[in-house]
2 protein chains.
Amino acid sequence: MRLTTKGRFAVTAMIDLAQRQSNGPVTLAGISERQKISLSYLEQLFGKLRRHNIVGSVRGPGGGYRLARGMNEVTVADIIAAVDEPLDATNCGGMENCQDEHRCMTHDLWTNLNKRMHEYLASVSLHDLVNQPKAKAVAASVAIDDRLRGARRDNVAVA
Amino acid sequence: MRLTTKGRFAVTAMIDLAQRQSNGPVTLAGISERQKISLSYLEQLFGKLRRHNIVGSVRGPGGGYRLARGMNEVTVADIIAAVDEPLDATNCGGMENCQDEHRCMTHDLWTNLNKRMHEYLASVSLHDLVNQPKAKAVAASVAIDDRLRGARRDNVAVA
DNA sequence: TGTATAGTCGACTGAAATGTTCAAGTATTA
DNA sequence: TAATACTTGAACATTTCAGTCGACTATACA
């Protein structure tokens, strides 16, 4: 799981899309203008999002993109994984080279940390982002800590 | 907050350092060999870590690096921030261009997400990583999360 | 039947970041 | 003084980022 401006663009664009799809398909040209992201770059990003079945496309006049699933079914982790693609997990791709005890230890520790990060990003859905009440950031921190400790959460609103 | 292999290398190296500093300063050459990271690359990373007062150096024979503070006082966020440096937070650096309502909204949403990620990484200390009992609780919480959310097909490479 | 709309695909680009290597230092210990 | 080890700077190939361009296909609508 990598986190760069690329994933940021994708998330921003997806929020825009989620907010507007009720009026029918949303054009990339519109997203481009509203979010100030180059149209051709969006085409690349949405090509990947489409191939990952996160969005669907409608061609021709009046066409555009729409979500392939409900907002609750699309997480930030999904979006980032779609555009950032593979990227090797650890220095020792699978088992190879892992005979040394110390390497294996740091290896486990790292994948562990990674897993938790992914877990967090997977816990935030597009719905959470779109329906986030303006400015509650601070209060949210408590909830996160609880969740990391294994606290139960009902279907909602991380935010 | 950016997350790349660069920060990964730094965290791995810091774990190695934390595990071995009880025997006195740890040389980069040693870390390089154990973790299979190029020595010169480590030199660059530790130069930054030193300038951020995360590690301290001891020159001359028998020298090396040691933590500048206790393991509990060094978080993953500290390490990543030190090596990944600046990187603008949002597309609209401060206030500029933020007159449009929608841009401001997604802008807030994004910085919010960012804040939470940072918060999480700041909650994991070097001590936590070194003394972590071999991966158990985390895996469990992931399973729970998936269940609550309704099984998802992608199962994205966590890495 | 055209034609404008809008997605699809591929190649290509300059700039930056990654990760590595080489080389020449300086400080410290023995 | 010699060996050790950090310090600094430069150069480098490779990859990714972000954007551009051009040609193409599918569809709605007049």
Side-chain angles (χ1 to χ4, degrees), chain A residues 1-13 17 20-21 23-33 35-68 80 82-88 90-91, chain B residues 1-13 17 20-21 23-33 35-68 80 83-88 91:
Chain A
M1 170 94 1
R2 177 168 39 175
L3 200 55
T4 66
T5 55
K6 191 175 186 174
R8 225 166 289 212
F9 276 129
V11 171
T12 298
L17 171 59
R20 297 173 170 274
Q21 69 167 356
N23 303 354
V26 182
T27 69
L28 292 189
I31 297 177
S32 170
E33 192 184 348
Q35 306 301 333
K36 308 301 181 205
I37 302 172
S38 107
L39 176 59
S40 301
Y41 196 35
L42 280 177
E43 284 172 357
Q44 289 179 33
L45 298 180
F46 274 76
K48 292 182 177 183
L49 291 170
R50 190 176 58 84
R51 283 187 285 277
H52 279 75
N53 289 320
I54 292 176
V55 299
S57 61
V58 181
R59 300 174 83 140
Y65 284 92
R66 51 164 58 113
L67 296 179
I80 292 177
V83 300
D84 267 337
E85 305 264 13
L87 181 60
D88 58 339
T90 53
N91 357 23
Chain B
M1 170 94 357
R2 178 168 40 175
L3 200 55
T4 66
T5 55
K6 192 174 186 175
R8 224 165 289 213
F9 276 128
V11 172
T12 298
L17 171 58
R20 298 173 169 274
Q21 68 168 355
N23 302 354
V26 181
T27 70
L28 292 191
I31 296 177
S32 170
E33 192 183 350
Q35 306 301 332
K36 307 301 181 204
I37 302 172
S38 108
L39 176 59
S40 301
Y41 196 34
L42 280 177
E43 285 170 354
Q44 289 178 34
L45 297 180
F46 274 75
K48 292 181 178 184
L49 291 170
R50 191 178 58 84
R51 282 188 286 276
H52 279 77
N53 290 318
I54 292 177
V55 299
S57 62
V58 180
R59 300 174 85 141
Y65 284 91
R66 51 164 58 113
L67 295 180
I80 292 177
V83 301
D84 266 337
E85 303 263 14
L87 181 59
D88 57 339
N91 359 22

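Note: hydrogens, waters and symmetry copies are ignored here, and every other heavy atom, side chains too, is used. Within every chain, numbering begins at 1; the chains are lettered A, B, ... in the order of the sequence lines, protein sequences first and strands thereafter.
Interatomic distance, CD of A:Gln21 versus OH of A:Tyr65, reported as 14.0 Å (0.5 Å rounding). Here the straight-line distance linking atom CG of A:Leu17 with atom CG of A:Leu42 works out to 10.5 Å at 0.5 Å rounding. Note that CZ of B:Arg50 is 12.0 Å distant from CD of B:Glu43, once rounded to the nearest 0.5 Å. Expressed to the nearest 0.5 Å, how far CD1 of A:Ile31 lies from CZ of A:Phe9 amounts to 13.0 Å. Note that the OG1 atom of B:Thr5 and the CD1 atom of B:Ile37 stand 10.0 Å from one another [nearest 0.5 Å]. Here OG of B:Ser57 is found 11.5 Å from CG of B:Leu49. Values are rounded to the nearest 0.5 Å.
Look at CZ on B:Arg8: it is 14 Å from C1' on C:dG19, rounded to the nearest Å. If you take CG of B:Leu45 and P of C:dT21, they are 14 Å apart, rounded to a whole angstrom. Between A:Arg50 atom CZ and C:dG7 atom P the separation is 11 Å, expressed in whole Å. Here C:dG7 presents its C1' atom at 12 Å from CD1 of A:Ile31, a figure rounded to the nearest Å. Distance CG (B:Leu42) to P (D:dT7): 13 Å, rounded to an integer number of Å. In this structure, B:Lys48 places its NZ atom 11 Å from P of C:dG19, rounding to the nearest Å. Rounded to a whole Å, the CG atom of B:Leu28 is 16 Å from the P atom of D:dT4. Between A:Arg66 atom CZ and C:dG7 atom C1' the separation is 14 Å, expressed in whole Å.
Nucleic acid contact class of A:Gly47 (heavy atoms, under 4.0 Å, all strands): none. Contact annotation for B:Tyr65: backbone-only contact, meaning every heavy-atom pair under 4.0 Å involves sugar-phosphate atoms and none involves a base.
Side-chain atoms of B:Ser32 never come within 3.5 Å of backbone atoms of B:Leu28 as a donor-acceptor pair (strictly under, hydrogens ignored).
The phosphate of D:dT7 (OP1 or OP2) has a side-chain N or O of B:Ser57 nearer than 4.0 angstrom. The shortest distance between the side-chain N/O atoms of B:Arg51 and the OP1/OP2 oxygens of D:dT8 is below 4.0 Å.
Heavy atoms only, all atoms of each residue included: B:Ile80 and B:Gly7 are closest at CG1-CA, 4.3 Å. Between A:Asn53 and A:Ala68, the shortest heavy-atom contact is O-CB, 3.4 Å. Taking every heavy atom of both residues into account, B:Pro25 and B:Arg66 meet most closely at CD-NH2, 3.3 Å.
The closest side-chain heavy-atom distance from B:Tyr41 to B:Lys6 is below 4.5 Å.
Base pairing in DNA chain D gives the following stems of 3 or more Watson-Crick or G-U pairs, range against range and under 3.5 Å: C:1-30 with D:1-30.
In this structure, A:Glu33 places its CD atom where only 12 or fewer heavy-atom neighbours from other residues, nucleotides or ligands lie under 6.0 Å away.
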Reading 5' to 3' through nucleotides 11-23 of chain D, protein heavy-atom contacts under 4.0 Å coded B for base, S for sugar-phosphate only, - for none:
------SBBBB--
For nucleotides 26-28 of chain C, print each protein N/O atom paired with a nucleotide N/O atom at under 3.5 Å, atom names and distance only.
| unit_1 | atom_1 | unit_2 | atom_2 | d |
| --- | --- | --- | --- | --- |
| C:dT26 | O2 | B:Arg59 | NH2 | 2.9 |
| C:dA27 | O4' | B:Arg59 | NE | 3.2 |

